[in-house]
Amino acid sequence: NMDPETISNAEAALLGLLAEKPKHPYQIEKDVEYREMRTWTDLSMSSIYKLLKKLEDQDLVSSEIALTEDNRARKIYSISEAGRECLEIKLRALLRRPEVLKDPFHLGIYNADILKQDELISCLEFYRESVVEMIAGYGRLKDFLTEQNCSAVRLAVAIRPAYQWEGVLKWLDEFLPGLKAELK
């Protein structure tokens, strides 16, 4: 049988969506799109079908054919008991272990010495402005979701990046003055 620690994050995301209720692939795709899950999962329309088949082959999900209102056959997927157990183990592991995020910014800053110092400062100031705008956007999102009576957990997921961006802003505000002082 399947070792729960070996399911991918994308598979765990899919199992999580099916843990809410049985769904057909189009519903899953709409959930991914509406919740902007592509920013934090590797789920795409093409991967959803492939992963559903893989999870079904591993008995973590099951499917049945259901008829739509206009009499079309549609495959509906449900999480199995084994799938739910696997998901719970994966979630406990994810929630206990911090992981360094892969951020393409690191590639840019690591190689920043290649740029002229004034160019680098200009890029970083532009980046800083974008970060400030993103933080403000998350503030608006928080207000909107609070008005919609969004659950505490879903609200926390939605606004967590704002806290990460605030850390980036703090780093920039410590790093930029030193760069500017070197330029003088």
Side-chain angles (χ1 to χ4, degrees), residues 1-107 130 133-135 137-165:
N1 211 350
M2 165 107 223
D3 173 14
E5 295 270 351
T6 64
I7 66 167
S8 71
N9 290 344
E11 291 163 342
L14 199 48
L15 288 172
L17 288 169
L18 292 176
E20 294 172 0
K21 68 178 189 179
K23 299 177 183 186
H24 56 83
Y26 183 74
Q27 281 176 301
I28 294 169
E29 167 62 18
K30 285 292 154 211
D31 283 347
V32 168
E33 190 178 313
Y34 178 72
R35 299 174 192 185
E36 295 184 353
M37 289 175 68
R38 276 193 196 81
T39 61
W40 47 274
T41 68
D42 296 324
L43 288 177
S44 65
M45 193 60 187
S46 60
S47 71
I48 288 170
Y49 287 97
K50 187 172 69 175
L51 292 176
L52 284 170
K53 173 153 182 26
K54 180 180 176 189
L55 292 170
E56 190 170 25
D57 290 346
Q58 295 169 334
D59 296 323
L60 300 179
V61 302
S62 60
S63 66
E64 62 183 11
I65 303 296
L67 289 178
T68 63
E69 297 81 39
D70 55 354
N71 261 359
R72 291 197 346 249
R74 177 175 275 160
K75 217 173 193 185
I76 305 287
Y77 290 85
S78 302
I79 190 169
S80 68
E81 193 52 46
R84 187 174 294 278
E85 288 172 21
C86 187
L87 177 61
E88 288 176 6
I89 291 167
K90 177 72 172 183
L91 294 177
R92 283 192 286 274
L94 288 170
L95 291 170
R96 289 181 174 148
R97 221 177 11 242
E99 189 174 312
V100 175
L101 304 176
K102 290 181 181 121
D103 182 349
F105 179 83
H106 291 160
L107 177 62
S130 300
E133 288 173 23
M134 289 183 76
I135 293 169
Y138 281 106
R140 291 188 297 276
L141 177 62
K142 180 180 182 179
D143 293 344
F144 171 76
L145 292 175
T146 302
E147 287 171 17
Q148 301 299 313
N149 294 318
C150 183
S151 78
V153 170
R154 295 278 163 84
L155 179 62
V157 168
I159 64 168
R160 183 172 181 254
Y163 293 90
Q164 294 167 320
W165 287 117

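Just so you know, these numbers use all the heavy atoms, side chains as well, and skip hydrogens, waters and symmetry mates. When a residue number appears, it is its place in the shown sequence, counting from 1.
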Roughly how far, to the nearest 0.5 Å, is [atom2] of [Y] from [atom1] of [X]?
{"X": "Ile135", "Y": "Ser130", "atom1": "CD1", "atom2": "OG", "answer": "11.0 Å"}
{"X": "Asp103", "Y": "His106", "atom1": "CG", "atom2": "NE2", "answer": "5.0 Å"}
{"X": "Gln164", "Y": "Ile159", "atom1": "CD", "atom2": "CD1", "answer": "11.5 Å"}

Side chains of [X] and [Y]: does their closest heavy-atom pair fall under 4.5 Å?
{"X": "Leu91", "Y": "Glu88", "answer": "no"}
{"X": "Leu43", "Y": "Leu51", "answer": "yes"}
{"X": "Leu94", "Y": "Asn9", "answer": "yes"}
{"X": "Ile79", "Y": "Leu17", "answer": "no"}

Original post:
Is the number of heavy atoms from other residues, nucleotides or ligands within 6.0 Å of CD (Glu36) greater than 12?
Top reply: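 Counting other residues, nucleotides and ligands, CD of Glu36 stays at 12 neighbours or fewer.
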Could you go through residues 24-33 and list every donor-acceptor pair under 3.5 Å that involves a side-chain atom there, pairing it with any protein atom two or more places apart or in another chain?
| from | atom 1 | to | atom 2 | distance (Å) |
| --- | --- | --- | --- | --- |
| His24 | ND1 | Tyr26 | N | 3.4 |
| His24 | ND1 | Gln27 | N | 3.4 |
| His24 | NE2 | Gln27 | OE1 | 3.4 |
| His24 | NE2 | Arg74 | NH1 | 3.4 |
| Gln27 | OE1 | His24 | N | 2.9 |
| Glu29 | OE1 | Arg38 | NH2 | 2.8 |
| Glu29 | OE2 | Arg38 | NH2 | 2.5 |
| Lys30 | NZ | Glu33 | OE1 | 3.3 |
| Asp31 | OD2 | Lys23 | NZ | 2.4 |

For a quick test of reading the model, state the closest non-hydrogen atom pair linking [X] to [Y] and the distance between them.
{"X": "Ile7", "Y": "Cys86", "answer": "CG2-SG, 3.6 Å"}
{"X": "Leu15", "Y": "Leu60", "answer": "CD2-O, 3.9 Å"}
{"X": "Pro161", "Y": "Ala158", "answer": "CD-O, 3.5 Å"}
{"X": "Leu87", "Y": "Ala19", "answer": "CD2-CB, 4.2 Å"}
{"X": "Val61", "Y": "Tyr77", "answer": "CG2-CD2, 4.1 Å"}

Subject >> Sequence-distant partners of Ala73, side chain to side chain contact (heavy atoms under 4.5 Å, CB included), two or more places apart >> reply: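 With neighbours one apart ignored, the set is Ile65, Leu67.
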Subject >> For Glu56, side chain to side chain donor-acceptor pair (under 3.5 Å) partners two or more places apart >> reply: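 So Glu56 forms a side chain to side chain donor-acceptor pair (under 3.5 Å) with Ser63.
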Original post:
Residues in side chain to side chain donor-acceptor pair (under 3.5 Å) with Arg84, at least two apart?
Top reply: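 Side chain to side chain donor-acceptor pair (under 3.5 Å) list for Arg84, sorted by chain: empty.
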Original post:
Quick one: side chain to side chain donor-acceptor pair (under 3.5 Å) pairs with a partner in residues 138-148, sequence neighbours left out?
Top reply: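 Applying side chain to side chain donor-acceptor pair (under 3.5 Å) to every pair that reaches into residues 138-148, excluding sequence neighbours, yields nothing.
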**OP:** Considering only NZ, NE, NH1 and NH2 on the basic side and carboxylate oxygens on the acidic side, decide whether Glu20 and Arg154 come within less than 4.0 Å.
**Re:**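 Looking at Arg154 together with Glu20, the answer is yes, because their closest N to O distance falls below 4.0 Å.
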**OP:** Considering only NZ, NE, NH1 and NH2 on the basic side and carboxylate oxygens on the acidic side, decide whether Glu11 and Lys54 come within less than 4.0 Å.
**Re:**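 Yes, charged N to carboxylate O under 4.0 Å.
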Subject >> ring-ring contact (aromatic ring centres under 6.0 Å, His included) involving Phe105 - partner list, sequence neighbours excluded >> reply: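 Testing Phe105 for ring-ring contact (aromatic ring centres under 6.0 Å, His included), a comparison that skips the adjacent residues, returns Tyr127, Trp171.
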Original post:
Does the Thr41 side chain pair with the main chain of Ala13, one donor and one acceptor, at a distance under 3.5 Å?
Top reply: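 It does not hold such a pair.
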